[in-house]
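No experiment lies behind these values; they were computed from the predicted model shown.
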Amino acid sequence: MADTGEETHHRAEPQGSPDGEADGGPGGCLPTAGGLPTLAQVLEFPSLREGRPEVVAGADGLTAPVRWVHVSELPTIAPMLRGGELILTTGIALPSDDASLARFIDDLADVGAAGVVVGLGPRFHDALPEEMRAAAERRGLPLVVLLRTTRFVEITEDVHRRILENRIEELQASERIHQTFNELAVEGAGPGDVLRQAARMSGRPAVLENLSHQVLAFNTAGLPAQEVLSQWEARSRSVQATTRTAYDQQSGWLVSTVGARGEDWGRLVLMSVPGVSPRLTMLIERAASTLALGRLVARDQETLALHTHRTLLSGLLSPQRTSAEIALEARAIGVPLDGRRLLPMVLRTRETLPGNAFDRQSVLRTTAQVATDAVRELGLLALVGPVEETVIGVLVSLGPREDPSTTIERLAARVHQGIPQNRYIMAVGDYVSSVSEVRRALLSTLQVADAATRLPDRRLYYRLPDLRLRGLLQLLRDDARLQTFAERELRPLLVYDEKNGTSLVPLLHAYLKSGRNKTAAAEAAHVSRAWMYESLTRIGRILDVDLDSEDVCVSLEVALMALDAIRD
């Protein structure tokens with residue numbers, strides 16, 4: 001305020017905490033900085049309101065926290081202070097000359113006092129000296145007069161009680177934060193659980209990203225995902241931090257580096273934070289350390305990126321997730337899907353993986369990593385992750401200049417450098433141009449992979465035309481008409497085998513597969529020719545058919561292929 005020679009009074013008005021919403025946001029528990037009341041809040045306490053306080057200078061400093069209240073009449077009190085004190089005085093012993101009064105104010109400002117409250121009456125009857133007020137305005141030190149006599153002891157008791165209560169609340173909140181994240185660490189909680197707690201305790205969206213500013217996990221704290229994740233990479237890249245935990249006032253982001261043992265791998269972001277506080281800082285740092293610890297503990301488990309990709313691929317296969325949601329989340333992790341050609345591929349084991357569930361998951365993660373490495377080395381954009389117990393899904397996002405056929409050949413060749421073709425089958429679907437079409441395309445590709453497991457040849461990859469009749473039957477395996485056909489053709493033989501413990505169905509399969517060559521069929525089934533002849537006679541009698549008829553044999557072979565598809 002400019003010195004106009006006229007004394008200007010400001011009635012003390014209640015002020016919000018420097019953390020604003022952070023104090024009482026949804027699920028929040030965050031008070032003012034350090035758990036201390038601001039001077040503006042102190043002036044609203046009953047004991048001070050009783051004295052009718054008016055701010056006569058330094059109103060911009062009312063947001064300063066009050067660490068303690070000190071009653072003093074000494075003009076040389078400043079060297080005894082540590083900063084943050086609110087000085088209560090009647091001014092009875094203050095010097096009489098203007099220069100000394102200005103020096104008194106300057107000394108208090110130099111040590112960081114929170115403000116000065118002067119009770120009018122004994123020394124200053126109606127107003128403070130102008131030089132004193134001007135010095136306080138110049139230094140930004142709040143100067144308050146009490147127009148009505150009040151007992152300073154009531155003010156100190158009132159403020160000190162509140163300060164102690166706030167400190168106890170801070171300690172309790174700190175204990176809750178530490179206990180919550182300690183429990184999450186001990187339980188081996190995943191990133192989703194950690195972010196859920198961070199969002200709940202802060203009332204803010206929490207986002208975990210990698211060092212390339214791609215989203216690994218997030219919790220929107222009830223806000224729309226579009227609002228939180230839109231243009232994420234660009235927004236995140238603009239927020240630079242020079243310390244491990246930093247606050248960016250322009251964006252309202254509080255960020256903390258995630259990593260351990262000198263290996264940083266991500267950042268945790270709390271969004272929509274109007275002001276930083278010690279409790280918010282503690283919260284984000286404890287959450288970040290829990291995430292880092294979880295990563296160390298789970299080094300031999302699937303990576304966060306793999307987990308995120310698996311979630312998105314599962315979402316694409318689920319009718320409960322919308323295309324817009326999936327596209328938004330995929331773009332946030334660096335794999336745009338909208339306006340691109342989307343090529344579905346799957347890697348499926350030819351047989352059940354050995355070992356326990358943990359061993360099977362380990363093999364599947366290794367396979368997913370091989371596919372991920374291949375995608376990265378070829379400079380492709382793709383989602384890669386497990387979609388079934390024995391299946392790795394790959395959804396390649398192709399740009400306008402990328403040729404699907406060339407991409408398939410290069411990717412299949414690179415994948416099979418690390419994965420033996422005799423263990424895995426690669427199936428490739430037709431590319432689609434819309435996220436909404438991916439579910440159908442992926443399901444069709446899964447069916448191609450299932451059908452290809454029964455083929456004897458070892459191709460680099462399979463597409464639906466490669467499967468011929470077997471592929472058609474695989475696509476129709478859920479059709480009731482196909483199931484009825486297979487049952488009608490083979491039911492008597494299936495029932496006979498079940499009732500008598502025989503294996504006539506496999507013998508029929510061997511006979512038809514050999515091109516109706518009985519000798520070759522006997523060798524393939526590891527039985528004598530006599531036994532094969534006798535069994536075929538029995539099969540014809542049970543089914544009431546002539547196995548020398550080409551039409552009959554074609555019908556039975558299709559029924560057996562349909563049965564294989566239905567049983568998959």
Side-chain angles (χ1 to χ4, degrees), residues 19-30 181 184 189-241 245-258 265-277 280-281 283-288 290-291 304-305 307-316 318 320-339 383 397 435:
D19 292 338
E21 286 280 333
D23 295 356
C29 54
L30 302 169
F181 289 103
L184 289 173
D193 295 321
V194 176
L195 265 61
R196 188 178 306 112
Q197 284 295 347
R200 183 188 69 81
M201 299 183 80
S202 68
R204 314 289 172 202
V207 180
L208 176 63
E209 64 174 10
N210 62 20
L211 297 181
S212 296
H213 305 282
Q214 296 173 341
V215 176
L216 298 175
F218 66 93
N219 187 290
T220 66
L223 295 177
Q226 173 71 30
E227 182 178 333
V228 175
L229 298 179
S230 179
Q231 302 295 317
W232 177 265
E233 185 174 338
R235 291 160 62 202
S236 175
R237 205 176 294 280
S238 68
V239 177
Q240 299 296 320
T245 299
Y247 176 66
D248 183 73
Q249 189 170 8
Q250 184 174 358
S251 64
W253 283 17
L254 181 63
V255 300
S256 187
T257 302
V258 182
W265 51 268
R267 292 200 312 179
L268 177 60
V269 179
L270 288 181
M271 304 173 66
S272 304
V273 177
V276 70
S277 71
L280 262 182
T281 300
L283 173 63
I284 195 171
E285 289 180 347
R286 286 294 289 117
T290 302
L291 290 165
L304 280 173
H307 172 80
T308 304
H309 284 217
R310 180 181 66 177
T311 301
L312 288 174
L313 286 167
S314 298
L316 286 166
S318 170
Q320 278 73 43
R321 299 294 306 277
T322 67
S323 301
E325 289 175 344
I326 297 295
L328 175 65
E329 294 174 25
R331 178 173 291 278
I333 67 169
V335 185
L337 301 181
D338 286 328
L383 298 176
S397 177
V435 181

* Asked: Which one of T311, L316, T308 satisfies the side chain to side chain contact (heavy atoms under 4.5 Å, CB included) criterion with L383?
  ->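 That would be L316; it is the only one of T311, L316, T308 passing the side chain to side chain contact (heavy atoms under 4.5 Å, CB included) with L383.
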Return the [atom1] to [atom2] distance between [X] and [Y], rounded to the nearest 0.5 Å.
| X | Y | atom1 | atom2 | value |
| --- | --- | --- | --- | --- |
| S238 | E233 | OG | CD | 11.5 Å |
| S318 | L312 | OG | CG | 12.0 Å |
| L270 | L280 | CG | CG | 6.5 Å |
| R204 | N219 | CZ | CG | 13.5 Å |
| I326 | R331 | CD1 | CZ | 14.5 Å |
| T220 | L229 | OG1 | CG | 8.5 Å |

* Check step by step if side chain to side chain contact (heavy atoms under 4.5 Å, CB included) holds for S272 and W253. => CA-CA 6 Å; S272 304; W253 283 17; over 6 Å; no
Can you find a heavy atom in the side chain of [X] that is under 4.5 Å from one in the side chain of [Y]?
| X | Y | result |
| --- | --- | --- |
| Q197 | L184 | yes |
| L291 | L195 | yes |
| P191 | H307 | no |
| W265 | N210 | no |
| V255 | L268 | no |

* To do: Kindly indicate, with the supporting measurements, whether the criterion side chain to side chain donor-acceptor pair (under 3.5 Å) is fulfilled by S314 and R321.
  => CA-CA 9 Å; S314 298; R321 299 294 306 277; over 6 Å; no
How close do [X] and [Y] get, heavy atom to heavy atom, and via which atoms?
| X | Y | result |
| --- | --- | --- |
| P205 | A221 | N-CB, 3.7 Å |
| A198 | A287 | CB-CB, 4.3 Å |
| S397 | V335 | CB-CG1, 4.3 Å |
| H213 | W232 | O-CD1, 3.3 Å |
| A288 | V258 | O-CG1, 3.7 Å |

* Start with the C-alpha distance between M271 and L223, add both sets of side-chain angles, then the distance that settles side chain to side chain contact (heavy atoms under 4.5 Å, CB included), and finish with yes or no. => CA-CA 11 Å; M271 304 173 66; L223 295 177; over 6 Å; no
* To do: Apply side chain to side chain contact (heavy atoms under 4.5 Å, CB included) to R200 and R196, showing your working.
  => CA-CA 6 Å; R200 183 188 69 81; R196 188 178 306 112; 5.6 Å; no
* Please confirm whether the backbone N or O of S277 pairs with a side-chain atom of Y247, one donor and one acceptor, at under 3.5 Å? =>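 Side chain of Y247 to backbone of S277: no pair is present.
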Are [X] and [Y] linked by a side-chain donor-acceptor pair shorter than 3.5 Å?
| X | Y | value |
| --- | --- | --- |
| R235 | S230 | no |
| S212 | Q214 | no |
| T245 | E285 | yes |

* May I have the step-by-step check of side chain to side chain contact (heavy atoms under 4.5 Å, CB included) for L313 and R310, ending in yes or no? => CA-CA 5 Å; L313 286 167; R310 180 181 66 177; 5.8 Å; no
* Could you go step by step and tell me if E209 and R237 meet the salt bridge (charged side-chain N to carboxylate O under 4.0 Å, His left out) rule? -> CA-CA 11 Å; E209 64 174 10; R237 205 176 294 280; over 6 Å; no
